[in-house]
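Please read these numbers as outputs of a predicted model, since none were measured by experiment. Each chain gets a letter, A, B and so on, in the order the sequences are listed, and its residues count up from 1.
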Amino acid sequence: MDIKKAIKEKLHEAIEDIFDLKVDVSQIIIQKTKKEFSGDFTIVVFPLTKLLKKSPEELGELIGEALLKSVKEIKSYNVIKGFLNIELNNDFWLDFFIEQHSDVYYGYKEPKPGDPVVIEFSSPNTNKPLHLGHIRNNLLGDSISRIIDATGRSIKKVNLVNDRGIHICKTMLAWQKWGKNKTPYSTEKKGDKFVGDFYILFEKEYKKEVSELIEKGQSKDEATKNATLILEAKEMLKKWESSDPETIRTWEMMNDWVYRGFEKTYNKLGISFDKTYYESDTYLLGKKIVEQGLKDGVFYRDENGSVWVDLSGEKLDNKLLLRSDGTSVYMTQDIGTAELRYKDFNPSELMYVVGNEQNYHFDVLKIVLKKLNKPYSKKINHLSYGMVELPEGKMKSREGTVVDADDLMQLMVKTAEEITKELGKIDEITEDQKEDLYNKVGIGALKYFILKVDPKKNMLFNPKESIDFNGNTAPFILYTYARIHSVLRKAPKDMLLPIKGKYDNLEINSKEKELLRMLFDYPEVIEESAAELNPAHIANYTYELAKEFNQFYHENQILNAGNKDIIDFRIRLASFTGIVIRSAMNLLGINVVDRM
RNA sequence: GGUUCCGUAGCUCAACUGGAUAGAGCAACGGCCUUCUAAGCCGUAGGUUGAAGGUUCGAGUCCUUCCGGAAUCACCA
C-alpha cells in the first residue's frame, strides 16, 4: 500500500544498476504532482544531477524508463524540466479504493501501548469569564489531543485552574463590599459573569481611589501601593493563606459559582478533561521543591529573603522563585504541577497549550527543572500559539474590549438558525433536531474559523464582520457532507453493503481520480498535523476535499450514471468521502450533520 | 535597549518545510437551478511575497542589513 516507499526503493535500485552508485534515499523527494501537470506523483531529479553528471531531462528519462519497468503500478511517466511525473494505473487506484473505502477508522493508527501524553490546556482564572482568546486555547488543546490520539498515542487532557491569588481576593473583596446578599441565582446571571463583574468593579473603584490619592499629592507609585482597597485585598490574601474560615467560605462559594458558569461554556464548546488540577492544591508542593533546591545549592537566597535561580549560564537573567515574604509565584506553582503530573501519569510528554506571551516562562521552566535534575525536564513541550487580536489590537479584560465566549457562541448559533430558516430546506425534522443542527453548524463555524489558522500565528477577529458561512468554512464542509448523505439515503440498499468482488472494466475518470488521490493523502495529513501540532493542516485539507467532491458532484451523475458498476462505485466513493470528512471534522472537534 | 516571533491580492488566510506559472475564500463583476441539496458550480479582475543585497540548478521559505509591527525581559499571572 505504501507506494511512495516502493517507488523510492526501486529508484534506489535503478540508480545502482545504471550508474553503479549508491545514493542516499532520504534526499529524494517524492511529492504530489501539481494539478496543472499530468501524473500522480513527482520526483524532483535536480538533487541527483550533480552526483550523476547528467542533465535533468536526460536523468528524468532514464529513471522514468527504469521505474516504468520495475514498478508494476506505474502506467506512464513524463519529464518536464527536472520534474519526473509518474502516473499510476487504474488498478492501483481501484485496489486502494476497494481496500479502504468502508473503513470508518481510515487514517487512524492502532492504539500503541506506552505512556500517555499529558496535555494541559484551558487553564482559566476564576475571576473572569472565558473570552475569545480562551476559545482558541481550548480548541487547540482539544483538537491536538484528538489528533495525537489518532496517531495511536494515548493522551490525558488536564486543566489547571488558577483559583488563588491576589486577583481572586479582589473579586471577593468587591463582592463583600458592594454585592452583599446578591448571588448568581438571585440575579439570574451566569456564575462566572456574575463574579467577573465584581473584578471589573474592583478595578474601577481602585482606579478611582488611586486618582483621588494622586490629587491629594501622592505619587502614582505611592498611590497604587497605599490605596485602602489594595491593602485590604492583600490582607485578604494573607487570611486566605492562613486558612481563615470566613475567607475560605466566601472563596469556596464564589469559586463554585464560577465553576458552574464555566461548565456551561465547556459544554457548549464540547470540551472535557480527564483531570482538573487546582493551584490551591499544588502551589505548596512547588514551594517545597524550591526549598529543597535551595538546600542543594541549585538556587540562592537574596539578602531580603527572596529565592532566585541564576540563569546567566544560559544567557538569561535571574529569575525569582519565592518572594521575600515566602509566598510563591507563577514559576513556583508550575514546578509543583509538573512534579504532580509526572507522579500521576508517568507521561512520555508533558505538553502545555499556552500563549506565546509565555515563551520565556517555559524556557525558564525547562532550565530550572533540568537544574533540579528532574527526569521530566526533557519532556516539557510548550505548544505556543499566537494571540487573537481585534482591529484595535490586543483584547484587554480590564478595558472591556474582550469578545465574550458565550456571547460569540450564541451569536454563531443564532446566525446558523437564521440562514437555515431563510433557505428553508429542513422542514421535516423536529424542533429538537433543529436546535441540534443550529448548534452544530454555528459552533462548527466558530471552531473552524479558529482552527484553520496556523496556531503559531497571531490572528485577527473583527467583531463587526460576522464569521463567514460560505467558502473556506465549516458550514461549506458540513453542507458537502449533508449532500453526500442525501444521496446515500436514496441509494439502492445493496450498494451500501460490504463490497463483493471487483468491478469489471471500470475506468476511473479524472474527477474520480482527483478525489481518490486526495483521500489517499488523508493518513499523511494526520501524521503531519500531529508532528507539527497543527490542526490547520486538517482543516485546509478537509476544505480542499469538500471542494473536490463538489466539483465531482457537479460534473457527474451518481444515482443516474448509466452503468450499474459506475453507480455502485460512485455511491461508495461518495460514502468514502463522507467518512473522511466526518473523521477529519471529528479531529477538529466539529460535529457533522446529515442534512442542512 | 537585549532577546524572540511576524510582514504574502483591498480584507482573512494557504503554499506539502528549498521545487514547476505564489493559491483559496470574502468583498466586486458576469454566467449556471423542469435533473442526486444553489450554504453549490464555472468565469473575470486583483501580486515587484515590507526593501536591498547574498547563498545555488532553483528563494515567499535559508544568511546579512534596513523598514514596519507584536511579545517578552516584574517580589503580575
Q | Which nucleotides of RNA chain B pair, in dot-bracket form (Watson-Crick or G-U under 3.5 Å, | meaning another strand) | A | (((((((..((((.....[...)))).(((((.......))))).....(((((..]....))))))))))))....
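Here A24(B) is the nucleotide among C73(B), U37(B), A24(B) with the atom lying nearest to any side-chain atom of Y543(A). Minimum atom distance to the side chain of Q333(A) is reached by A77(B), of the listed C73(B), A77(B), G19(B). Side-chain atoms of S486(A) lie closest to U37(B) of the nucleotides G19(B), U37(B), C41(B). Of the listed nucleotides (G7(B), C57(B), C41(B)), G7(B) has the atom at the smallest distance from the side chain of K457(A). Of the candidate nucleotides U37(B), A70(B), G25(B), G25(B) has the atom nearest to the side chain of N472(A). Of the candidates U37(B), G19(B), A77(B), the closest approach to any side-chain atom of N125(A) belongs to A77(B). The side chain of Y553(A) lies closest to U37(B), out of U37(B), C13(B), C73(B).
Judged by distance alone, with hydrogens and angles left aside, D317(A) brings no side-chain donor or acceptor close enough to the base of A74(B) to form a pair under 3.5 Å. Remark: the Q557(A) side chain and the U35(B) base include a donor-acceptor N/O pair separated by less than 3.5 Å.
Classified by its glycosidic torsion, C33(B) falls in the syn category, the angle being within 90° of 0.
Regarding contacts with the backbone of A24(B), every side-chain N or O of K547(A) stays at 4.0 angstrom or more from both OP1 and OP2. The shortest distance between the side-chain N/O atoms of R323(A) and the OP1/OP2 oxygens of A74(B) is not below 4.0 Å.
Both W308(A) and K511(A) lie close to RNA chain B; mapped to their nearest nucleotides by heavy-atom distance, the more 5′-ward contact belongs to K511(A). Between S328(A) and M459(A), the one whose closest nucleotide on RNA chain B sits nearer the 5' end is M459(A).
A stacked arrangement is not assigned to Y479(A) and the six-membered base ring of G40(B), the conditions of a centre distance below 5.5 Å and an interplanar angle below 30° not being jointly met. Per the stacking criterion (ring centres < 5.5 Å, plane angle < 30°), F46(A) does not stack onto the base of G58(B).
Closest of all the heavy-atom pairs between P391(A) and F461(A) is CD-O, 3.3 Å. Nearest heavy-atom pair, Q333(A) versus S328(A), reported as atom, atom and distance to 0.1 Å: OE1-OG, 4.0 Å.
Looking at heavy-atom distances under 4.0 Å, D454(A) makes contact with sugar-phosphate atoms alone, never a base. When heavy atoms are screened at a 4.0 angstrom cut-off, N359(A) is found touching no nucleic acid atom at all.
Taking the centre and axis of the six-membered ring of Y385(A), the NZ or CZ atom of R136(A) falls outside the cone set by 45° and 6.0 Å.
Taking a 6.0 Å sphere around NZ of K456(A), one finds it holds 12 or fewer heavy atoms contributed by other residues, nucleotides or ligands.
L322(A) places none of its side-chain heavy atoms less than 4.5 Å from the side chain of V329(A).
Remark: side-chain polar atoms of R517(A) are paired, donor with acceptor, to backbone N or O of D40(A) under 3.5 angstrom. The closest donor-acceptor contact from the side chain of E61(A) to the backbone of E58(A) lies at 3.5 Å or more, if one exists at all.
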